[in-house]
Amino acid sequence: MDGDFDIPPADDMMNEDLDLPDENPPLKAGEEKEIGNQGLKKKLVKEGEGWDTPENGDEVEVHYTGTLLDGTKFDSSRDSGNPFKFTLGQGQVIKGWDQGIKTMKKGENAIFTIPSELAYGESGSPPTIPPNATLQFDVELLSWTSVKDICRDGGIFKKILTEGEKWENPKDLDEVLVKYEARLEDGTLVAKSEGLEFTVIEGHFCPALARAVKTMKKGERVLLSVKPQYGFGEKGKPASGDECAVPPNANLQITLELVSWKTVSEVTDDKKVIKKILKEGEGYERPNEGAVVKVKLIGKLQDDTVFLKKGHDDDELFEFKTDEEEVIDGLDRAVITMKKGEVALLTIAPEYAFGFSESKQELAVVPPNSTVYYEVELVSVDKEREAWDMNIPEKIEAAGKKKEEGNALFKAGKYARASKRYEKAVKCIEYDSSFSEEEKKQAKVLKVACNLNNAACKLKLKDYKQAEKLCTKVLDLESRNVKALYRRAQAYIQLADLDLAEFDIKKALEIDPDNREVKLEYKTLRERIKEYNKKEAKFYGNMFAKMNKLEPLEGNKSAAKESEPMSIDSKA
């Protein structure tokens, strides 16, 4: 056919399954390559371990032998048996070393050929190294200690003494347990603790501790070199209790170990439900909305008065269904963030607890406006079936059930919860490619009803953008749906898209000229347009009045006259 592209012969096609060479393939023993563009060469003698290489600031330990090109040996750490230590990238060694050694892995042995420009240059290093000498170094990288500039301003250098576990780091809200020892540069002990707990964001002792723990893993032990701006600054710190004074502008050396931490998270965006994990749960799965959960539960007031206790002392576990208002909102929301076996402490503000009125509970009365505390252990979860676990008739049935639940919640004025039900209903039948024609018809009716009702929820919740999107989904299925046009127009009015609102209203009236609700909305729209036009006229009237007050320059009068707008054509 004309316009078809010829398929290239197989030999010309790229085989995506072929292992193509990397641009910079790793060296193999015996191979040599140039590093950079200044003549530095590296020949691999023995491969190292893993993939990690040291970085600038790290403290490296090497064995080496240095020779001239004629084989004359001028230095060797191997002869003395003492490895050589230095800080990489700090100018403590020749440039060729700084550049070459940071390409090495632990245990690697390589021979570096270093031109004089990256070694001792024109002057050499008498008496052993002549001027303009190219040198060879046989180097083995024994180990290195990672040193990080954690604030990237030279204020805190972190040297890892003991590696930590896993990969997670504490966040601002987390409560960390640390051991630390702080000394002045002369070795004077300033402060020490064998076990101290604090919230990261609140910090402790000096700013360096909070900064450092956010970069650490569980079990990690480090040495911090702290400049005054992250210590006690120009004022220093007076002696207090067991802690000695810190002089003004003092540098500190702090040995810090992150023993463990408790993860603290905000369950709600307004920070009124806070969860602190006391014991990590199992796996990754969490309850979904509609899951049946069994928990151990202790509810307390701020003064430690227990008002509820379930599942302890051989008592039966407390069972409830999530997202059904069987428990206070804060507990409901927090439990669906938990894993099986997790133990958490919840801090719940009155808005998500018992509100601003008194509540009689099992063991005590909760006074009005009380923040409450729950210790919860999630013992078991029976999740509500997800759509992918259902066959097609079950999906349609589940969607119908969720729609009815949504309707009941809407009538009760619970618009946010009703919205979730409508969303779940649509998700059940979202992908209908495998449905029969009759099933597709049933699914379409449900999609239209649920998206329309959800749009009504979003209007009540003042989420006008989502309301507009939901109505558009309905109109994609039924372009002459009057309710969808009417509700989308309502959303457009609130979003100040008055032209689009007018278009939808007029179209709805074309379809159903006698619809009372649409007529009333059209009246509202015309009032809004009139109000908008008045504001516009006033704005431009004020602007032109100000412009008329300005005296035009003599030289620009004729130009001003020429720029007056043409009169409009009065012909139809």
Side-chain angles (χ1 to χ4, degrees), residues 19-149 157-163 222-223:
D19 289 328
L20 298 175
D22 295 335
E23 288 184 14
N24 294 302
L27 278 179
K28 294 180 180 176
E31 292 182 342
E32 185 177 54
K33 73 172 181 180
E34 187 168 342
I35 297 168
N37 55 10
Q38 293 180 279
L40 175 65
K41 292 180 181 178
K42 173 183 174 181
K43 182 177 181 180
L44 186 66
V45 177
K46 185 184 81 172
E47 292 183 14
E49 306 167 12
W51 55 270
D52 207 7
T53 56
E55 298 176 7
N56 286 342
D58 291 352
E59 295 180 359
V60 298
E61 185 176 42
V62 300
H63 262 314
Y64 71 91
T65 301
T67 60
L68 303 178
L69 286 181
D70 63 6
T72 303
K73 181 166 67 173
F74 57 81
D75 195 10
S76 176
S77 66
R78 294 183 176 99
D79 291 348
S80 65
N82 296 319
F84 177 59
K85 297 180 182 180
F86 70 98
T87 302
L88 194 61
Q90 303 298 306
Q92 296 178 3
V93 291
I94 58 175
K95 289 180 182 178
W97 270 47
D98 271 340
Q99 292 178 18
I101 289 174
K102 65 182 180 184
T103 70
M104 300 181 74
K105 301 169 186 173
K106 185 180 178 182
E108 183 179 316
N109 188 188
I111 295 173
F112 292 99
T113 302
I114 304 176
S116 64
E117 293 82 358
L118 299 178
Y120 295 96
E122 295 179 359
S123 57
S125 181
T128 54
I129 299 172
N132 299 312
T134 296
L135 309 178
Q136 283 192 330
F137 284 93
D138 181 335
V139 181
E140 181 182 3
L141 179 57
L142 303 174
S143 66
W144 75 86
T145 302
S146 178
V147 179
K148 305 291 183 188
D149 180 0
F157 282 98
K158 183 184 85 167
K159 175 180 175 181
I160 298 176
L161 304 177
T162 306
E163 292 285 346
V222 302
L223 176 63

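Atom set for the values below is all heavy atoms of this structure, side chains included, hydrogens, waters and symmetry mates excluded.
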Heavy-atom pair with the smallest gap, counting every atom of [X] and [Y]:
| X | Y | result |
| --- | --- | --- |
| Val147 | Asp58 | N-OD1, 2.8 Å |
| Leu118 | Gln38 | CD2-OE1, 3.7 Å |
| Ile94 | Tyr120 | CG2-CZ, 3.7 Å |
| Thr145 | Ile160 | CG2-O, 3.1 Å |
| Glu55 | Leu88 | O-CD2, 3.7 Å |
| His63 | Leu142 | CD2-CD1, 3.8 Å |

[X] vs [Y] side-chain heavy atoms within contact, under 4.5 Å:
| X | Y | answer |
| --- | --- | --- |
| Leu44 | Glu108 | yes |
| Thr113 | Gln136 | yes |
| Trp144 | Ile101 | no |
| Asp138 | Arg78 | yes |
| Ile129 | Leu135 | yes |

Take atom CG in Asn37; do more than 12 heavy atoms of anything else shown fall under 6.0 Å from it?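 No, the 6.0 Å shell around CG holds no more than 12 heavy atoms from other groups.
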Looking at Lys43, I want to see if its NZ is surrounded by more than 12 non-hydrogen atoms of other residues, nucleotides or ligands under 6.0 Å. no
Within the distance-only criterion (no hydrogens, no angle test), does the side chain of [X] pair as donor or acceptor with the backbone N or O of [Y] below 3.5 angstrom?
| X | Y | result |
| --- | --- | --- |
| Lys42 | Thr103 | yes |
| Ser77 | Tyr64 | yes |
| Glu61 | Lys85 | no |

Can you measure from [atom1] ([X]) to [atom2] ([Y]) and round to the nearest 0.5 angstrom?
| X | Y | atom1 | atom2 | value |
| --- | --- | --- | --- | --- |
| Ile35 | Lys41 | CD1 | NZ | 11.5 Å |
| Asp98 | Thr87 | CG | OG1 | 10.0 Å |
| Lys73 | Thr65 | NZ | OG1 | 6.0 Å |
| Asp75 | Thr67 | CG | OG1 | 11.0 Å |
| Lys106 | Glu140 | NZ | CD | 11.5 Å |

List the steps and the verdict of side chain to side chain contact (heavy atoms under 4.5 Å, CB included) for Val60 and Met104. CA-CA 11 Å; Val60 298; Met104 300 181 74; over 6 Å; no
For the residue pair Trp97 and Phe86, categorise the inter-ring angle as parallel (less than 30°), tilted (30 to 60°) or perpendicular (more than 60°).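 Judged by the thresholds at 30° and 60°, the geometry between Trp97 and Phe86 is tilted.
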